[in-house]
Amino acid sequence: MKQAVLILSSAIIAIVFCACVGISTTKGCDTLRKQKLSNTQTLDTQHALSPKAQEYLDKSNQYYENSDYAKALEFALKACDLDAGGACFIVGNIYVLGESVPKDGKKAIKFWDKACGLYYGNACYNAGILFQQGLTSVDSEEIFKIDVVKSGEYFQKGCDLNVGYACVNLAYAYLNGSLGMEKDEAKSAILWQRACDLNNERGCFNLGYIYQRGDGGVKKDGEKAMQAWEKSCKLNYVDGCSLVANEYQLGKLVKQDLQKAEQAYIKMCHLSIDFDEKHRAKACKRGTSLKLARINEQCAKNNAQGCFELAEHYAGLYKQYEGYDGEALDTAKKAKHNFAMTLKFLQKACDLGKAKACFNLGIIYENAKTQLNKTKKNTIKANELFDRVCKLDSRQCYEVGDSFFFGRNKLTKNYIKALEFFKKACDNINQWACQKVALMYYDGHSGINQNKPQAMRYFIKSCYLGLTQSCHQAAQLEFANCAKNQCDKTKILELITRSCEISGDGYGCYKLGNAYRSGKDIAPQDTKEAVKFYEMGCEAENSSACFALAEWYSKGGDGLNKNESKAREFYEKLCAVEGYQPCKIANNVGKKIKCKKGAGR
């Protein structure tokens with residue numbers, strides 16, 4: 001069960017919480033309402049809930065998600081009495097929200113304190129915020145008094161339990177000498193590092209400044225400062241991205257890298273949390289400007305990817321006018337210009353060997369329905385482009401076949417063309433394309449006759465290219481002939497063995513274990529080989545193989561001696577594959593174990 005946290009992934013905790021306790025808006029309350037019940041502790045991972053506690057916790061979670069806070073509180077209290085830390089945490093949240101009960105800071109602290117003692121770090125953090133900010137009623141009446149010393153104590157507990165924002169708030173306390181802490185820049189620097197190690201975006205952001213300035217006894221290091229800011233940006237912190245973009249663009253702290261600057265600006269462009277529209281638009285413009293300069297230069301130097309990206313840029317501009325009726329001349333001219341530039345750079349990228357460019361160009365000529373361009377439908381040219389795609393890239397060739405097969409990418413469904421391009425991709429060693437050809441011959445489609453010998457040929461080719469599913473399909477197709485005494489059992493055994501030994505397919509190993517154990521179908525009876533393949537299947541996380549071997553050792557027979565120790569070993573492996581943590585194995589557990597449906601391979 002995932003750990004519930006107070007913040008929205010990585011928003012500003014203190015401000016969000018303040019909003020709920022009466023200082024700002026209702027945003028913090030909305031955040032608290034979205035919390036799901038959980039019993040994930042940050043320490044003491046051996047603490048497991050009793051079945052009854054888990055039952056109450058699940059019911060409370062269900063009611064909480066449906067905003068039935070009275071019922072949620074009822075079951076959360078029962079779960080909390082049974083030491084479910086996540087339930088105690090949510091009870092505290094409900095009392096701060098004042099949902100179904102009056103707001104009560106003392107009761108919130110009572111339950112958060114218990115959750116904190118049960119190693120639920122976010123409860124420690126919430127308690128720290130409540131003591132730092134206090135709590136007011138709707139009428140601004142103080143109903144919980146501030147106690148900054150206790151606030152610092154709870155932040156310390158939260159930080160010790162790996163809550164990043166608790167470490168951040170503690171770092172601020174040591175930096176400023178607040179919350180009962182003596183001013184200590186060295187401790188503050190250590191806490192910024194800890195918060196960053198816990199993937200807290202603000203911790204990384206401030207750590208960058210520590211390295212840039214050499215504060216808190218830390219040696220100045222521009223490279224480490226950039227690493228911290230880059231991590232902050234990866235964690236979606238706008239200010240971190242801004243510093244990264246500026247530093248790489250100007251090249252003062254690190255070597256200038258305009259592409260990295262471009263990437264940071266573009267990321268800022270797509271971030272919206274705590275970022276006003278004016279600055280976002282500015283970042284978008286800078287990112288686009290840097291990108292255009294880069295790809296124009298690359299294309300001028302005959303770089304296929306650069307030309308392809310230029311084509312995508314102009315295609316994006318053209319889409320603004322797609323379907324336009326052309327009444328406004330200026331707008332129509334812009335649209336035609338952008339479309340012409342799209343064609344120009346797609347053609348250049350294709351000529352330079354970019355398969356995706358040839359593919360996109362082929363689709364344009366296959367359709368050519370746009371009103372604002374003069375391109376005419378040209379199936380011959382489209383096919384020439386698709387053929388070039390197949391010579392350049394088997395995966396993209398497969399995409400051509402797939403587009404015709406399903407009628408995707410604005411292409412009309414056409415099974416004959418689909419088969420043609422799947423075959424070309426298969427000839428270029430694409431295992432999935434070979435399987436597609438096999439399936440089309442096996443099923444038969446409009447214009448394509450069913451042909452099982454051809455299906456077998458392509459299944460086998462796909463199998464030998466490494467697609468285990470095709471090995472099983474070929475084996476099954478051959479096995480169907482056994483009813484007429486016309487099958488090649490050696491071929492069947494070879495195909496399944498290949499899927500197991502060469503491709504590491506657990507299901508194939510399981511099938512081999514069955515075959516050697518029974519000795520009735522495709523392989524002679526051989527206990528040693530059967531055990532070997534069951535073990536291989538179990539190691540490949542096939543639950544059927546683990547279960548078969550566990551049961552066999554438990555009962556014995558078919559040439560295998562009964563061995564309770566070995567049976568227990570494979571029941572435990574079965575539990576691990578099925579997701580039981582921890583797994584308690586007792587005598588005759590094989591008869592009692594309840595495996596999850598669909599688990600394993």
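Sequential numbering from 1 along the given sequence is applied to the chain's residues.
- The nearest pair of heavy atoms linking Gly506 to Ala540 is CA-CB, 3.7 Å.
- Taking 4.5 Å as the limit, some side-chain heavy atom of Leu419 sits within range of a side-chain heavy atom of Tyr441.
- In summary, the side chains of Gln431 and Gln435 do not present any donor paired with an acceptor at a separation below 3.5 Å, with no hydrogens or angles considered.
- No donor-acceptor distance shorter than 3.5 angstrom exists from the side chain of Lys413 to the backbone of Phe405, with no hydrogens or angles considered.
- Distance alone, capped at 3.5 Å, places no donor-acceptor pair between the Ser232 side chain and the Ala228 backbone.
- Between Asn66 and Gln62, the side chains place no donor N or O within less than 3.5 Å of an acceptor N or O (distance only, hydrogens not considered).
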Check the pair Tyr237, Cys204 against side-chain contact (heavy atoms from CB on, under 4.5 Å), reporting the backbone distance first and the verdict last. CA-CA 10 Å; Tyr237 192 51; Cys204 297; over 6 Å; no
Could you walk me through whether Met456 and Lys452 pass side-chain contact (heavy atoms from CB on, under 4.5 Å), step by step? CA-CA 6 Å; Met456 174 64 84; Lys452 290 188 177 179; over 6 Å; no
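- Remark: the backbone N or O of Asn303 is not paired with any side-chain donor or acceptor of Gln298 at under 3.5 angstrom.
- For the pair Glu297 and Lys301, the salt-bridge criterion is met [side-chain N within less than 4.0 Å of a carboxylate O].
- A ring-centre distance under 6.0 Å is not found for Phe205 and Trp192.
- Judged by distance alone, the side chain of Ser499 and the main-chain N or O of Ile496 form a donor-acceptor pair under 3.5 Å.
- The side-chain tip of Lys436 does not point at the ring of Tyr398 from less than 6.0 angstrom away and within 45° of straight on.
- Residues Glu366 and Lys417 form a side-chain contact, since some pair of their non-hydrogen atoms from C-beta on lies under 4.5 Å apart.
- Proximity of Ile364 to Phe339: side-chain heavy atoms (C-beta onward) are separated by under 4.5 Å at one or more points.
- Counted within 6.0 Å of NZ on Lys511, heavy atoms from surrounding residues, nucleotides or ligands total 12 or fewer; the atom is thus considered open.
- Within the 4.5 Å cutoff, no side-chain heavy atoms of Glu201 are placed close to those of Asn236.
- A centroid separation of 6.0 Å or more is found between the aromatic rings of Phe345 and Phe308.
- Between Lys354 atom NZ and Asn360 atom CG the span is 10.0 Å, to the nearest 0.5 Å.
- Under a cut-off of 6.0 angstrom, the local environment of CZ in Phe479 is sparse, with at most 12 non-hydrogen atoms contributed by other residues, nucleotides or ligands.
- Residues Ser470 and Ser462 share a closest heavy-atom pair of OG-OG, 2.7 Å.
- A distance of 13.0 Å separates NZ in Lys423 from SG in Cys397, rounded to the nearest 0.5 Å.
- Residues Leu253 and Ala225 come closest through the heavy atom pair CD2-CB, 4.1 Å.
- A pairwise comparison of heavy atoms in Val389 and Ala355 identifies CG2-O, 3.5 Å as the closest pair.
- Ile295 and Gly306 get closest at one heavy-atom pair: CB-O, 3.7 Å.
- The main-chain N or O of Ser544 is found under 3.5 Å from a side-chain atom of Asn542 such that the two form a donor-acceptor pair.
- Around atom CD of Glu501, more than 12 heavy atoms belonging to other residues, nucleotides or ligands sit under 6.0 Å away.
- Salt-bridge annotation for Lys532 and Glu535: absent, with no side-chain N of the basic residue lying under 4.0 Å from a carboxylate O of the acidic one.
- For the residue pair Asn428 and Lys391, no side-chain donor N or O sits within less than 3.5 Å of a side-chain acceptor on the partner.
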Tyr211 and Met226: side-chain contact (heavy atoms from CB on, under 4.5 Å), yes or no, with the steps? CA-CA 9 Å; Tyr211 279 116; Met226 283 300 296; over 6 Å; no
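- A donor-acceptor distance shorter than 3.5 angstrom exists from the side chain of Lys348 to the backbone of Cys299, with no hydrogens or angles considered.
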Stepwise side-chain contact (heavy atoms from CB on, under 4.5 Å) test for Phe533 and Arg517: CA-CA 10 Å; Phe533 286 115; Arg517 182 178 177 180; over 6 Å; no
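- A salt bridge links Lys573 with Glu539: the closest approach of a Lys/Arg side-chain nitrogen to an acidic carboxylate oxygen falls below 4.0 angstrom.
- Annotation: side chain of Leu310 is in contact with side chain of Leu292 (closest heavy-atom distance under 4.5 Å).
- Using a 4.5 Å heavy-atom cutoff, the side chains of Tyr265 and Gln249 are in contact.
- Between the side chains of Tyr534 and Asn514, at least one donor N or O sits under 3.5 Å from an acceptor N or O.
- Atom CG in Asp239 sits 10.0 Å away from atom NE2 in His279 (nearest 0.5 Å).
- Annotation: the span from Phe386 atom CZ to Thr379 atom OG1 amounts to 9.5 Å, rounded to 0.5 Å.
- A salt bridge does not link Lys356 to Asp393: none of the charged side-chain nitrogens sits closer than 4.0 Å to a carboxylate oxygen.
- Checked by atom type and distance alone, the side chain of Lys381 never pairs as donor or acceptor with a backbone atom of Tyr365 at under 3.5 Å.
- Thr497 has its side chain out of reach of Ile502: every pair of non-hydrogen atoms, C-beta onward, lies at least 4.5 Å apart.
- Classification of Glu230 and Lys234 as a salt-bridged pair fails, no side-chain N sitting under 4.0 Å from a carboxylate O.
- A donor-acceptor pair is defined here as one N or O able to donate and one able to accept, closer than 3.5 Å; such a pair exists between the side chain of Glu478 and the backbone of Asp488.
- How far CD of Glu309 is from NZ of Lys291: 5.0 Å, rounded to the nearest 0.5 Å.
- With hydrogens and angles disregarded, a donor-acceptor distance shorter than 3.5 Å links the side chain of Ser403 to the backbone of Glu399.
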For Tyr209 and Trp229, what are the C-alpha separation, side-chain angles and deciding distance, and is it a ring-ring contact (aromatic ring centres under 6.0 Å, His included)? CA-CA 9 Å; Tyr209 276 117; Trp229 287 331; 5.3 Å; yes
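- Counting only N and O atoms by type, the side chains of Gln473 and Tyr442 include no donor and acceptor under 3.5 Å apart.
- The NZ atom of Lys491 sits 4.5 Å away from atom CD1 of Ile460, with the distance rounded to the nearest 0.5 Å.
- Judged purely by atom type and a 3.5 angstrom limit, Lys489 uses its side chain to pair as donor or acceptor with the backbone of Asp521.
- A heavy-atom distance below 4.5 Å is found between the side chains of Leu411 and Asn367.
- Looking at every heavy atom in both residues, Cys241 comes nearest to Leu271 through SG-CD1, 4.1 Å.
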